[in-house]
Amino acid sequence: MGLLSLSALPPQIKQYLIITGNYWAFTLTDGALRMLVVLYFHQLGYSPLNIAMLFLFYEIFGVVTNLVGGWLGARLGLNNTMNIGLGLQIVALAMLTVPADMLTVVYVMAAQALSGIAKDLNKMSAKSAIKMLVPSDAQGKLYQWVAILTGSKNALKGVGFFLGGLLLTLLEFRGAVIAMAVMLTIVWLMSLLSLKADLGKAKNKPKFTDIFSKSPAINMLSAARMFLFGARDVWFVVALPVFLAVTFQWDHWWVGGFMASWVIGYGIVQSFAPYFTGKKQGKVPSGQAAFMWAGYLLLIPAAIALALHFDFYIQQSLIASLLLFGAVFAINSSLHSYLIVSYAGNDGVSLDVGFYYMANAMGRLIGTVLSGWVYQQYGLEACLWISSAFVTLAAVISLKLPK
């Protein structure tokens with residue numbers, strides 16, 4: 001019955017649902033794997049900096065993949081780049097099923113490198129494909145579809161965090177990774193059969209040099225995105241889970257559950273971002289909105305840092321402020337996701353989207369490395385001050401976006 005009703009849908013809606021389903025399945029394994037690696041290697045006695053280093057290649061290869069992946073998507077079609085991403089994630093998971101004594105730092109970094117390539121091929125393909133499925137004169141619908149895709153993805157990433165903590169407890173590391181690899185293989189086989197061929201393939205074959213964006217608006221938005229995501233990951237990726245485990249004495253269930261709840265709430269707000277940014281007035285947001293919402297965001301990490309400095313109800317202050325940060329950050333992120341798809345050219349859309357997500361990956365890379373190193377040297381308070389400074393830079397750059 002479900003298959004019959006799906007086949008009766010218009011082709012654009014059917015492809016949107018297939019792409020979204022692929023993205024959801026991938027995101028679930030990506031979030032679970034991240035939490036598994038953080039908690040498992042913390043349990044083995046690794047320092048925060050060493051845990052951050054495990055994600056170093058994941059982020060570095062994400063930068064490269066977005067840059068080259070946009071060009072590949074324009075030449076090969078987004079259906080192919082999405083399926084390649086799913087396949088590579090299965091290989092990355094399979095690499096981690098080896099006996100525990102083989103899970104050296106270098107080996108896990110190599111598996112994470114493959115996972116980083118896979119994640120960004122998948123994300124770039126999903127975001128770019130939406131541009132091809134929505135008419136150019138339907139910007140309100142485009143914003144709504146991007147917000148739903150982005151928000152639902154992040155909500156599922158939160159479920160993945162919880163799943164990671166749960167699977168580690170129930171199946172241990174190796175069993176958890178095997179279970180995820182089997183699930184993703186089924187999704188990959190279905191995707192190979194159902195995704196439309198040549199989706200997003202450019203009519204004019206782009207040259208390799210076309211991967212570097214020449215649009216001032218895209219360059220500015222990409223720079224703002226880099227600092228925005230650096231601001232989140234400088235305290236969220238390594239510093240926060242370790243702080244919760246060490247300072248509050250939370251176990252795997254509590255850390256995984258709390259991080260999951262935060263990301264799920266963040267994803268839900270992202271899905272409804274159009275309602276906070278002008279949809280009720282029949283408007284789509286401009287660069288001015290990106291500046292305004294970044295301005296709201298920069299105050300929050302500074303407030304948490306002050307609460308830590310003055311020892312002001314630390315647990316209550318941190319949790320309440322985290323929820324507020326998640327909501328405001330979600331609207332910032334959703335705004336950016338819409339603006340890049342809107343600014344991108346129609347022919348070879350993945351070139352522009354890939355360049356933008358390269359900057360996103362660069363921000364995550366900077367944030368991840370700083371999260372481990374700054375937390376180990378100076379603590380969570382220093383991470384939060386850096387976060388506030390990064391958001392300030394994102395706000396200033398956003399002033400250059402088209403009004």
Side-chain angles (χ1 to χ4, degrees), residues 19 21-44 46 51-62 64-66 69 80-126 153-154 156-193 195 237 241 252 256 259-260 263 361 364 368:
I19 288 163
N22 280 352
Y23 199 29
W24 284 355
F26 187 98
T27 298
L28 202 57
T29 63
D30 189 56
L33 183 59
R34 179 168 284 261
M35 190 53 60
L36 274 170
V37 169
V38 169
L39 293 177
Y40 181 66
F41 284 91
H42 173 63
Q43 180 182 300
L44 293 179
Y46 282 64
I51 294 171
M53 288 301 104
L54 293 174
F55 295 105
L56 185 65
F57 281 0
Y58 177 94
E59 302 297 358
I60 288 173
F61 279 87
V64 176
T65 303
N66 277 299
N80 289 319
T81 49
M82 174 164 268
N83 287 329
I84 290 167
L86 285 167
L88 286 175
Q89 181 75 339
I90 294 164
V91 175
L93 288 167
M95 285 179 67
L96 295 173
T97 61
V98 298
D101 58 357
M102 291 179 65
L103 291 173
T104 62
V105 171
V106 174
Y107 184 83
V108 175
M109 285 174 77
Q112 287 291 88
L114 262 189
S115 184
I117 294 168
K119 193 279 296 276
D120 284 297
L121 274 178
N122 197 266
K123 180 162 82 171
M124 178 278 300
S125 303
K153 182 269 292 188
N154 281 308
L156 272 176
K157 189 167 187 177
V159 174
F161 283 169
F162 176 74
L163 187 66
L166 178 63
L167 288 175
L168 184 62
T169 305
L170 297 178
L171 303 177
E172 298 187 342
F173 187 80
R174 188 165 182 262
V177 173
I178 291 171
M180 292 194 295
V182 170
M183 182 273 285
L184 202 60
T185 301
I186 295 167
V187 173
W188 179 60
L189 292 171
M190 291 172 64
S191 177
L192 286 170
L193 297 172
L195 258 189
V237 171
H252 294 160
M259 300 288 280
V263 179
R364 291 200 318 265
T368 298

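Within 6.0 Å of CD in Q43 there are more than 12 heavy atoms belonging to other residues, nucleotides or ligands.
Pairing each heavy atom of L171 with each of A179, the nearest pair is CD1-CB, 4.2 Å. Y40 and A100 make their closest contact through OH-CB, 3.7 Å (heavy atoms, listed as atom of the first residue, atom of the second, distance). Shown here for G164 and M35, the closest heavy-atom pair between the two residues is CA-CB, 4.4 Å. Taking each heavy atom of A113 and F57 in turn, the nearest pair found is CB-CB, 3.6 Å. Minimum interatomic distance between L184 and T29 (heavy atoms only, all atoms of both residues): CD2-OG1, 4.0 Å. Nearest approach of F26 to G85, heavy atoms of both residues: CE1-O, 3.7 Å.
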List the steps and the verdict of side-chain contact (heavy atoms from CB on, under 4.5 Å) for Y46 and V105. CA-CA 10 Å; Y46 282 64; V105 171; 3.3 Å; yes
If you apply the rule side-chain contact (heavy atoms from CB on, under 4.5 Å), what do you find for N122 with L86, and how did you get there? CA-CA 7 Å; N122 197 266; L86 285 167; 3.8 Å; yes
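The OG1 atom of T169 sits 8.5 Å away from atom CG of L39, with the distance rounded to the nearest 0.5 Å. The structure places CD1 of I117 at 6.5 Å from CG of L88, a figure rounded to the nearest 0.5 Å. Rounding to the nearest 0.5 Å gives a distance of 5.0 Å between CE of M180 and CG of L33. Considering OG1 of T65 and CD1 of I60, their distance stands at 11.5 Å, rounded to 0.5 Å. In this structure, CE on M53 lies 7.0 Å from CE on M109, to the nearest 0.5 angstrom. One distance of note links CD of Q112 with CZ of F61; it measures 12.0 Å at 0.5 Å rounding.
The aromatic rings of F41 and F173 sit perpendicular to each other, their planes meeting at more than 60°, with 30° as the lower class boundary.
Annotation: salt bridge (Lys or Arg N to Asp or Glu O under 4.0 Å) contacts of R364 (sequence neighbours excluded): E59, D120.
Considering V187, L193, I186 in turn, I186 is the only one that fulfils the side chain to side chain contact (heavy atoms under 4.5 Å, CB included) rule with M190. Evaluated for a side chain to side chain contact (heavy atoms under 4.5 Å, CB included) with L96, the options I178, L103, L36 yield exactly one hit, L103.
Pairs passing the ring-ring contact (aromatic ring centres under 6.0 Å, His included) check and including a residue from residues 87-109, sequence neighbours excluded, do not occur.
Annotation: side chain of V38 is in contact with side chain of F55 (closest heavy-atom distance under 4.5 Å). Taking 4.5 Å as the limit, every side-chain heavy atom of W188 sits out of range of all side-chain heavy atoms of Q89. For the pair R34 and V237, the minimum side-chain heavy-atom distance is below 4.5 Å.
For S115 (side chain) and A111 (main-chain N/O), no donor-acceptor pair under 3.5 Å exists by modelled atom type. For T97 (side chain) and L93 (main-chain N/O), no donor-acceptor pair under 3.5 Å exists by modelled atom type.
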